[in-house]
Amino acid sequence: MSDSVPLTTDRPGQVASATPPAPGRSRRLSDRGLAVAFISPALLLLLAMSVFPLLWALYLSFTDYSATRGGPAHFIWFGNYTAILTSAQVHTRALTTLIYVVGAVGLQTVLGFGIAYLISRRTHGRGVLTTLFLVPMMLSPVVVGLFWRFMLDAQFGVVNSMLGSLGLGQVEWLTRQRTALLSLIVVDTWQWTPFIMLIALAGLTAVPKYLYEAASIDRASEWFKFRTITLPLVWPLLLIAVMFRAIEAFRLFDLVYILTNGGPGVSTETLSFHIYKVAFLGFNTGTASAYGILMVLVVIVLTQLYLRYLNKLKEG
């Protein structure tokens with residue numbers, strides 16, 4: 001029987017254990033395993049709530065499927081897309097949507113940047129003013145729609161009451177074709193101008209102060225500072241805010257549904273509201289799916305072109 005040699009350590013009086021730990025008992029998850037364990041629930045939820053409905057809508061867009069008609073769907077391939085792209089009604093709705101997007105986003109950009117510029121020049125009360133201006137953005141679109149629907153009422157609305165007290169005639173804001181779309185633009189501008197203001201204010205406060213100090217030393221005017229310092233540095237961030245607002249305005253539905261229901265006639269019927277009517281009033285599910293896919297493609301293409309412009313602007 002051979003003598004066992006004790007294992008020694010650097011410290012006297014301690015003997016190292018000669019028995020290694022059993023393999024596999026304290027095995028830990030690797031970084032890859034932890035990443036998969038944490039990401040899997042969110043990924044499965046994303047697939048179930050976003051990717052699968054999009055793929056299902058893409059499949060239905062090539063069929064004549066109707067939610068109220070029994071029987072299987074029949075493939076008609078690009079029949080829905082051809083009917084949509086050649087329809088005069090769709091062209092009218094697209095023009096209405098374009099007018100709304102350009103008018104609302106343009107007005108919000110001008111007002112939002114102007115308010116942000118005025119707030120950024122204040123030294124006292126900036127936080128209180130910013131909070132007050134952000135209140136409309138915190139409200140639900142349904143609440144905003146009901147709020148302005150009562151205010152713009154032709155007989156009992158507070159807007160017409162104010163116009164009457166000033167000696168002006170009453171205006172049928174939501175029941176005339178000329179004023180209904182304008183009313184939608186005004187309401188959307190009231191709610192979402194604070195979003196543009198918040199983004200612009202973040203850009204304005206990030207401009208280095210030494211640039212203005214150097215311009216003041218050279219006796220530059222306020223317009224020169226704004227044109228050569230403020231606007232070029234804030235412009236890229238402002239364009240990103242415009243992109244987000246344009247995407248949101250392009251798929252407008254809630255305000256149209258609450259305020260005008262697409263009327264009078266079809267003067268305020270945007271593409272999103274038209275899809276709602278095709279899908280849930282006409283029950284042409286296949287055609288409505290083709291509408292949705294085309295809108296997604298339009299947003300993707302325009303966004304990519306816009307991002308390329310932003311990249312060129314950044315490189316230049």
Side-chain angles (χ1 to χ4, degrees), residues 93-121 126 129-141 144-145 148 181-208 211 223 225-256 259 268-273 275 292 294-316:
R93 273 65 170 186
L95 180 61
T96 302
T97 305
L98 180 63
I99 294 174
Y100 170 79
V101 171
V102 173
V105 177
L107 191 58
Q108 292 166 25
T109 303
V110 174
L111 292 178
F113 183 77
I115 295 173
Y117 183 73
L118 294 177
I119 292 178
S120 66
R121 296 175 63 88
R126 181 185 301 179
L129 286 176
T130 304
T131 304
L132 291 177
F133 277 111
L134 289 179
V135 170
M137 192 179 67
M138 302 176 184
L139 299 177
S140 170
V144 172
W148 278 95
L181 187 59
L182 178 63
S183 300
L184 283 176
I185 293 175
V186 170
V187 174
D188 191 78
T189 301
W190 180 82
Q191 184 179 14
W192 292 110
T193 294
F195 176 78
I196 303 291
M197 181 208 73
L198 188 63
I199 302 299
L201 186 60
L204 288 170
T205 54
V207 177
L211 296 177
W223 168 246
K225 295 177 185 178
F226 176 80
R227 183 171 53 88
T228 59
I229 300 175
T230 304
L231 193 59
L233 293 179
V234 181
W235 186 247
L237 192 61
L238 193 63
L239 289 180
I240 295 176
V242 169
M243 180 185 68
F244 284 116
R245 278 304 307 138
I247 294 174
E248 289 291 330
F250 180 71
R251 57 188 187 90
L252 174 76
F253 171 79
D254 36 30
L255 286 182
V256 176
L259 287 175
T268 59
E269 189 172 309
T270 59
L271 286 175
S272 296
F273 191 80
I275 294 175
L294 285 175
M295 287 188 65
V296 170
L297 291 177
V298 168
V299 170
I300 291 175
V301 171
L302 293 180
T303 303
Q304 290 298 320
L305 295 176
Y306 197 83
L307 291 176
R308 288 187 179 182
Y309 169 74
L310 288 179
N311 291 330
K312 290 182 180 180
L313 188 65
K314 181 179 179 180
E315 293 175 358

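Please read all numbers here as calculations on a predicted model, not as lab measurements.
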Which atom names give the shortest non-hydrogen contact between V242 and I196, and what distance separates them? N-CD1, 4.3 Å
Can you tell me how far apart CE (M137) and CD (Q191) are? Round to the nearest 0.5 Å. 9.5 Å
Distance from T193 atom OG1 to L198 atom CG, nearest 0.5 Å? 12.5 Å
Let me confirm one number: the CD1-CE distance from I119 to M197, rounded to the nearest 0.5 Å. 5.0 Å
Under 4.5 Å between any side-chain heavy atoms of F273 and L252, yes or no? no
Any side-chain heavy atom of R126 within less than 4.5 Å of one from T205? yes
Give me the atom names and distance for the closest heavy-atom approach of D188 to A104. OD2-CB, 3.8 Å
Between I199 and L238, is there a side-chain heavy-atom distance shorter than 4.5 Å? no
So, taking the atom named CD1 in I185 and the one named CD in Q108, what distance separates them when rounded to the nearest 0.5 Å? 9.5 Å
With a 6.0 Å cut-off on ring centres, are F226 and Y117 close enough? yes
Run the side chain to side chain contact (heavy atoms under 4.5 Å, CB included) test on M138 and L134 for me, step by step, so that the C-alpha distance in whole Å, both residues' side-chain angles and the decisive distance to 0.1 Å come before the verdict. CA-CA 7 Å; M138 302 176 184; L134 289 179; 3.8 Å; yes
Is there side-chain contact between F253 and I275, with heavy atoms separated by less than 4.5 Å? no
Using every non-hydrogen atom in the two residues, find where R251 and M295 come nearest and quote the distance to one decimal. CA-CE, 4.5 Å
Within the structure provided, determine whether W192 and E248 are in side-chain contact (heavy-atom separation under 4.5 Å). no
Please give me the minimum heavy-atom distance between A241 and F195, naming the atom from each residue. O-CE2, 3.8 Å
Using a 3.5 Å distance criterion without hydrogens, assess whether the side chain of T268 forms a donor-acceptor pair with backbone atoms of L181. no
Test log, rule side chain to side chain contact (heavy atoms under 4.5 Å, CB included), inputs Y309 and L239: CA-CA 10 Å; Y309 169 74; L239 289 180; 3.8 Å; yes
Go through the steps to decide whether V234 and F113 satisfy the test side chain to side chain contact (heavy atoms under 4.5 Å, CB included), and finish with yes or no. CA-CA 10 Å; V234 181; F113 183 77; 3.9 Å; yes
If you measure from CZ on R121 to OG1 on T230, what distance do you get to the nearest 0.5 Å? 8.5 Å
Could you tell me which non-hydrogen atom of L204 sits nearest to which non-hydrogen atom of S120, and how far apart they are? CD1-OG, 3.8 Å
Could you state the interatomic distance from CG (L184) to CD1 (I99), rounded to the nearest 0.5 Å? 12.5 Å
Nearest heavy atoms of V299 and T303, plus distance in Å: O-OG1, 2.5 Å
Can F250 and V298 be said to form a side chain to side chain contact (heavy atoms under 4.5 Å, CB included), step by step? CA-CA 10 Å; F250 180 71; V298 168; 4.2 Å; yes
